[in-house]
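Working notes, beginning with the structure itself.
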Amino acid sequence: MSRSAEELVAAIRERAGAEPVRLGLVLGSGLGHLVDAVEGVATDYADLPGFPHAGVSGHKAKLVIGQLEGVRVAVFGGREHYYENGRSDAMRLPLEVLKALGAEGLILTNAAGSLDPANPPGALMMLSDHIDFSGRNPLIGEPSEARFVPMTEAHDPKMRAALRSAALSEGVDLAEGVYAWFSGPSFETPAEIRAARILGADAVGMSTVPEVILARFLGLNVAAISVITNMAAGMSDEKLSHEHTKAMAPLGAGKLERVLRRYLRDLD
Ligand code: HPA
């Protein structure tokens, strides 16, 4: 663990208690309201040196540690994206802190564009796998041998099975598919979307993949769920914008919250 992570962990434990955290949750654009549902101690990212500035609107830049459905969780109300400052490892410190707080697992959420007409806006898609179209691996420059992280079952089969059954119990449709990471911040072109489709993508977005890589590097089990906010570029007449993403996220956010709460309640 880096020195800065160690110091942060000590400071966080002092405020939020030393009891280990079981699970981390990263909330995507327009999905931040869960930070307010946790009964616990909130700390603004601004008070956690090295944490992202989370300058993207639609993100609540705070870390909350406490109970959700009887499980001790660390909820990250926002993330830094590669496109903000050109750092694909911007979430490394927060995830190091999560690991050091005792977490075994991490659930990532995001807003994404769909390439599959069967998953329209409002649908939920769990990531079965991903494609790094940005080429910006967050472990570039990491000196240790641990950087050669196997990514064969990066999206944890056990967590995915539990999320699938949580969705089933809640009567929520949870699609599964491949998420392709484009760097952003511009949206994709229709030609890029057609290419991504041919190459096997079901959804596209500007986040999550570097966090999955970092989580596996740190030994956290990880699963991710996209809330589909739009059909990808060229697939509908909708005009894509961040405003549109934020406006559409609530369509799926309620279902996502039910799935996550059920997942936590059913954890053994
Ligand atoms: N592309 C990339 N990121 C996104 C999209 C999209 O269509 N929708 C929401 N986030």
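One-based numbering, in listed order, for ligands and for the atoms of each. The first residue of the sequence shown is numbered 1, and numbering continues consecutively from there. These numbers come from a predicted model, not from an experiment.
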- Query: Looking at residues at least two apart in the chain, or sitting in another chain, which of them share a ring-ring contact (aromatic ring centres under 6.0 Å, His included) with Y179?
  - Reply: none
- Item | R265/E170 ion pair, N-O < 4.0 Å | yes
- Query: To the nearest 0.5 Å, what is the distance between CE (M126) and CE (M159)?
  - Reply: 10.0 Å
- Task: Collect the protein residues that have a non-hydrogen atom under 4.0 Å from ligand 1 and hand them over in chain and number order.
- Result: A111, A112, G113, F187, E188, V204, G205, M206, T229, N230, T245
- Message: Angle between ring planes, Y82 versus W181, binned at 30° and 60°: parallel, tilted or perpendicular?
- Response: perpendicular
- Message: Strictly by side chain to side chain donor-acceptor pair (under 3.5 Å), give each pair with a member in residues 214-228 just once, sequence neighbours left out.
- Response: N110-S226
- Item | Pairwise salt bridge (Lys or Arg N to Asp or Glu O under 4.0 Å) hits with a residue in residues 185-206, at least two apart | R197-D202
